[in-house]
Structures are given as C-alpha cells and as structure tokens.
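Beneath this line is the structure, given in structure tokens, with notes to follow.
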2 protein chains.
Amino acid sequence: MAVTIRDVARASGVHVSTVSRTFSAPHLVSAETRNRVLAVAEGLGYRPNRAARALTTGRTHNLGLIVADIANPFFPPLIKAAQEQARERDYHVFVADTDENPLLEQELIEMLSKQVDGVLLCSPRLSNRMIERLRAQVPFVVVNRQVKGLPTVLMDVGQGVRAAVEHLAALGHRRIALLSGPSGSWTSEEMHDAATAAADGAGVELDVLRPNDPTERGGLSAAAAVAESGATGVLCYNDLVALGLIEGLRERGLTVPGDLSVIGVDDSLPGRLNRPKLTTITMPTAAAGRMAVDLLLAAVNAGDTGTPTLARLETRLIVRESTTAAAGAPLPA
Amino acid sequence: MAVTIRDVARASGVHVSTVSRTFSAPHLVSAETRNRVLAVAEGLGYRPNRAARALTTGRTHNLGLIVADIANPFFPPLIKAAQEQARERDYHVFVADTDENPLLEQELIEMLSKQVDGVLLCSPRLSNRMIERLRAQVPFVVVNRQVKGLPTVLMDVGQGVRAAVEHLAALGHRRIALLSGPSGSWTSEEMHDAATAAADGAGVELDVLRPNDPTERGGLSAAAAVAESGATGVLCYNDLVALGLIEGLRERGLTVPGDLSVIGVDDSLPGRLNRPKLTTITMPTAAAGRMAVDLLLAAVNAGDTGTPTLARLETRLIVRESTTAAAGAPLPA
DNA sequence: GTGAAAGCGCTAACAG
DNA sequence: CTGTTAGCGCTTTCAC
C-alpha cells in the first residue's frame, strides 16, 4: 500500500487530523508543526488520496469532457484548452468519445457522474429532454448547443456566416450553395438561418444542400450536386467538408477558386495547410474550452443557483485563397 | 446527496452487504433477492460510487493517458482508440497534455497516480531515470519509446523508413535528405538509424537536417537548407513537417513532386487531404492505443510481475502523389 | 444465502 | 493550535 496520512502522522508525532489540516487548511496549523509535517510527508513521498478526500468532501476535483469525436480536428484544441484550464485550477479531466452515439453519450454521463463534479458536453447529440433529466445527477455546461436553463458556451457562427455570404456577394457571386451539416446540429441550424438572412439582405440566391457526413467524405459526395446547382460560391459546414468538396470538384475538372469559391468553418489545421489555403470562419474552440471549464467550476461552486450563464464567443471570416471574384465579375475596389 | 447502497438496502429489505454483493459478486446472491435488489436499485436510479469502491478494493478503474500535445494530429486517433478500448473494459481515462514539458509531465503523473490504476505514457519527454523512479508509484505502459523493464508499445518506423528510402532510390534519387525531429525523440533516432542503414544499402547519399520544431513551422524553416542540400528526395519527421516543407519549397519556386519528392510520417488527415496527396509512412496509432491499454490492464491485474512485454507494431509506406521519379531518371519498371 | 462488523484514507465538527 | 470522534459509500471477512 502507498503511504497514507497515518504514516505521516506517526512519523511526525502528530495526530492524523493535524496532517490533514496541513494539506487542506494550512492556516489552522502552527508554522512549526506545518513545516515538520510537510518535511516528513515530502520525505515519505506522501500524496493525498483524492478519491478518499472526495468521499468526505463530496468534491472529486475531476471533470468530465464528452465529445462526439476526438479525431475530428475541431475538438483537439478544445480538449487541450479545457484540460489545461482545469489543471490550473487543480482539476483533472476525463475525456470520453461518444462516437456520435446518443445512447453511449447518456451511458458515459451516468457512469462518470459519480466520479466528477461536473460535465462538459460538447456538441451533444442527446435530446434536450434527456439532458434536462440527466442534469439532476451532475452539473453540466453545454458547448455548441443551447439547452434551456443550462450554462452554455456558444460560438456565434452566425456572425461569421453573414460575413462569408457578404464576402461572396461582394465578389460578384449571385448564387451561393450552403452545404449544411448533420440534422440535429445546432451549429448547422444557426448557419442555415444566418445564411438565409444574409443572402436575402445581399440579394443573392441560396441553395441549401445536405451532405451525408460532416467530413471530407460528405464534401466529396456533394460535389455533383454543387456542380449542378449552378452556384459559384459555396459555404460548407466545416473545413473537412470544404476540403472534400474541393477534391470532388477537381475530379470533375472544376478548380477552386477558379471556377468556384469555397468557404469552410473551423480554421482547422488541414484547412490552413491546404492549397489553396482555405478561406474559413474561425471557431474559437480553445477559448470555448477554457470558458466552459470556468462556467462549470462556477456552477459547481455556486451550487447551481443563479441565472444560467450564456457565453457567446465571436467568430469571424478569414479570407485566404479559396475565394475570389466570380467569373465575369470585377474585383471589388 | 445521491442515492447510496444504504437506500437500496432499506428499500429492498436486505442488508447493505447483500446489495453490495448483488453488484460486485452476483453469484453469491440468490436469484430472487438479486432481482428484487436490482429492480429497487433501478427504480431509485442507484449507481455504485466507484471512488468509494476504490477505497476498499484499491482499484479505481481509471487510467491516465499522458501525451505531449493533444492538438498534434498524431495523438487524437490514439487517444480515441485508447479511451474506447478502456471503456469496453469498464475503465475511464484521464487525458492530460504536457505541452512537451517534462516537469509538467512528472507533476501530472504524481497527481494522477493515486487516482488511476495505471498510466499510459505516450512519447514521454521525461528522462528514463525519472520514469524508472516514478514507476514505483504507479504502473506504466510506454508508447513510442523504449524504457528498460517497462511494458512498451513501439511503432516500428524503421520498417517504413527503409521502404521509403528504397522507394526514393528506386525512383532514381541519389541524394536524400532526412528532416529529423526533436532531440530526445525515440522515433527520430529510429528513423535516423534506419535511414542511414538503408541509404547505405541502396548506395545513395543521406543528408541529415534538424528542424526546430516537429510541426509545419519546422518544415517551413527547413526549406532553405533542403533546397541548398542538393537532395531531390526528402524524408520528414512527420506529415506536418513535410507539409510545411512543401510550402516552403513552393515559396522558393520549387514544386513537389516535380523538383523534389517528399515523404512524411503518420498518415495524418492533413497529409491525406493535401494536394499533392502526401506519400507517407503509416503509424498504427489507433492500434497502439488499444494495445497499450491492454498491456496496462494486464500489468495491473498481474501485479506487475512477469517479463515486461514489448509490442512492435508494423508500419509501412503508402505511396501517393508527393513522390515521383528524379529528374532525368527513368520510371522504374 | 445473508447479516454483522470492521475498515479503506480522509475530513469535519467538537472539545480542550 | 491540536487531539477525539464519527462517518463518507462501499467491500470483505467472519459468523450464522
């Protein structure tokens, strides 16, 4: 067995509770005793057992982070930022991948609930009803979806989408296609609404197309429909879809941005490294991860009272190389 | 407070120990009692508290997974596979990012050690000495580095590197550059040794160049050196470096594979999506993640006795579009 | 097959 | 400021 509080107490000639206090409420211990205990603990290599502590305090100092797909380049920066922020606040984080499967998501939440002080739900696939039922078991913060009454971190794609549509319109594109994402995706709905409004405002046509899949495969298989739509500008659900689309268009002899202008979402690594460099909408995923951790910790420590917070993070368009003036249209001044 | 074993006991008219057995040793309970307890537990929404269980059993059913950089596309598939494998075996996993910082790595291991049954160390930056010291606190499995006496999962880059060098030689490249990785990287050493031997065997020149950084920036800033080296074939530490290099070369008016052939390592998403599609060496990261979990669990359950295991996973060359015959050389039959 | 009792490592009143 | 006592939720002998 590892060294416990009892070993330290014995070796430093004090009672266990004094050792306990040395670690969890140092100011209640005389400097002299404290130093002695600390020295002994150090020497013995003592580490408080957090699980045991959790049993009495009711605080595990652990968080759960549940994402749909770790391998989707959208998530790693968020995961990285979240676990870093948590660590700085002395929390550890369980990361679990639901494989886009709502049932698994629910099961994971339930399994984890006893072991964490709160759960970060990123782009959950669970129904709102289910989420509201589960919240009795453990505090949540939801990222990238709006659930009534829960603290939420939203990345305001609408902003970026409007800018994107206006950008395309300014380049002379009169017909724009929107390759939207999986049904049930909050982001996809937001994009749809913002794009519709912006297209209306800019006086351009908007075709809404639905790929199978929020990945390069989805984009690839949507290429035919895009080509037939007559659109010269395309806004994609994410960078992966955009990259797949570009590939699919190329297979049809269409070039980007020569024949069509394409815009992605996420500002992901593959998009930045692609040729042409992808024009895209930034998603502040790292900031969202940090903010979500802070909101969760606040909810945990405040005991879930108070108005549920809603953090809206800004997105913006980054113009790179995959968009240019429509054929026959003059470059804007 | 959540519902405990005591609530279930009371509600089903049995002693707590019977409820306990129903969950942890069902065969010791009569079918009748068991069903009743189960039904009551279900109704009450009871979930065993794993932390409390850990206190008596000494098994947390948690694992730690420590990686250098979650955002590096090499890791997400490994993380995903590892946590999935763990989940199937009823384990949860803490994921922690060390930011390539050995001190942080050590601290994370120590903090996590009491809370997990074992730790997966991926591409650790810690010294061997330190790792050996820490192993007293918690069982390890090391991925992508060889530490004497510890269970290890290695991806045999050497294999792929030999194939890569031979591939370049067969295409008529007489001078090959190796853009190796950070010092202290086991993979980089392996690549170096294998490349040297293979170049020797194939009768081609090998230049070894050291980029700053195992990322696209490293490749970008190595472009000048590569161009000056006179090499017509380049093997890079990873896909990111390769992609950065290609970009840097292009800025110098050099095209790939027209002027130089470039090979990466990892078979990562950005490489697959790039144009030209990157010729690369597969790293079976997902398999490594699964295998590492199994080795760790075996070590944990065997009590760390027995010969430390060494799993060597195969790598292979995937020829895509970034390599072609050297200028003036005929395509091989 | 089930109950009683002790204890895992730690914290939290309560005394003193 | 420090020791005493009880107990967190669960498992595990040991009886019966």
Side-chain angles (χ1 to χ4, degrees), chain A residues 1-38 40-41 44-62 90 110-117 137-138, chain B residues 1-38 40-41 44-62 90 110-117 137-138:
Chain A
M1 254 305 125
V3 23
T4 81
I5 206 176
R6 205 122 41 205
D7 302 320
V8 179
R10 205 170 305 130
S12 44
V14 296
H15 196 268
V16 287
S17 54
T18 303
V19 179
S20 171
R21 282 190 280 258
T22 313
F23 287 94
S24 39
H27 58 281
L28 294 181
V29 178
S30 77
E32 193 199 357
T33 317
R34 191 193 323 142
N35 290 143
R36 183 154 40 91
V37 171
L38 252 19
V40 171
L44 262 44
Y46 167 74
R47 299 256 144 203
N49 181 327
R50 293 172 152 234
R53 177 180 290 177
L55 213 47
T56 34
T57 61
R59 289 260 174 285
T60 62
H61 266 241
N62 291 147
D90 198 25
E110 297 197 328
M111 305 261 32
L112 240 33
S113 65
K114 280 290 190 352
Q115 230 173 148
V116 300
D117 295 340
Q137 297 188 29
V138 59
Chain B
M1 255 304 126
V3 22
T4 82
I5 205 177
R6 206 123 40 204
D7 302 321
V8 179
R10 204 170 307 131
S12 44
V14 295
H15 197 265
V16 288
S17 51
T18 303
V19 178
S20 172
R21 285 188 201 102
T22 319
F23 287 95
S24 40
H27 58 280
L28 293 181
V29 177
S30 77
E32 193 199 357
T33 317
R34 188 186 333 134
N35 290 145
R36 183 155 39 91
V37 171
L38 252 19
V40 170
L44 262 44
Y46 167 75
R47 302 254 142 204
N49 181 327
R50 293 171 152 236
R53 178 179 291 177
L55 212 48
T56 34
T57 60
R59 290 258 174 287
T60 61
H61 266 240
N62 291 148
D90 198 25
E110 298 197 326
M111 305 262 28
L112 240 32
S113 64
K114 279 289 191 355
Q115 232 173 146
V116 300
D117 295 339
Q137 298 188 27
V138 58

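Given the structure is predicted, the values throughout are model-derived calculations rather than measurements. So that the names make sense, note that chain A is the first sequence line, chain B the second, and so on, each numbered from 1.
- Among the nucleotides dG9(D), dT12(D), dC14(C), the one closest to any side-chain atom of Asn49(B) is dG9(D).
- OP1 or OP2 of dT11(C) sits under 4.0 Å from a side-chain N or O of Ser20(A).
- In this structure, Phe23(A) reaches neither bases nor backbone, as no heavy-atom distance under 4.0 Å exists between it and the strands shown.
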Inset, instruction - Would you sort out whether Thr33(B) and Thr18(B) count as a side chain to side chain contact (heavy atoms under 4.5 Å, CB included), showing the intermediate values? - result: CA-CA 9 Å; Thr33(B) 317; Thr18(B) 303; 3.9 Å; yes
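- Comparing dT2(C), dC10(C), dT2(D) by their closest approach to the side chain of Arg6(A) singles out dC10(C).
- For dG3(D), the OP1/OP2 oxygens have no side-chain nitrogen or oxygen of Ser17(A) closer than 4.0 Å.
- Interface remark: the Arg47(B) side chain does not form any donor-acceptor pair with the dG9(D) base, using a distance-only criterion of under 3.5 Å.
- Regarding His27(A), its NE2 atom lies at a distance of 14 Å from the C1' atom of dT2(D), rounded to whole Å.
- Here Val14(B) lies in heavy-atom contact (under 4.0 Å) with sugar-phosphate atoms only.
- OP1 or OP2 of dT2(C) lies within a sub-4.0 Å distance of a side-chain N or O belonging to Thr33(B).
- When heavy atoms are screened at a 4.0 angstrom cut-off, Arg21(B) is found touching base atoms of the nucleic acid.
- Between the side chain of Thr57(B) and the backbone N or O of Arg53(B) there is at least one donor-acceptor pair closer than 3.5 Å.
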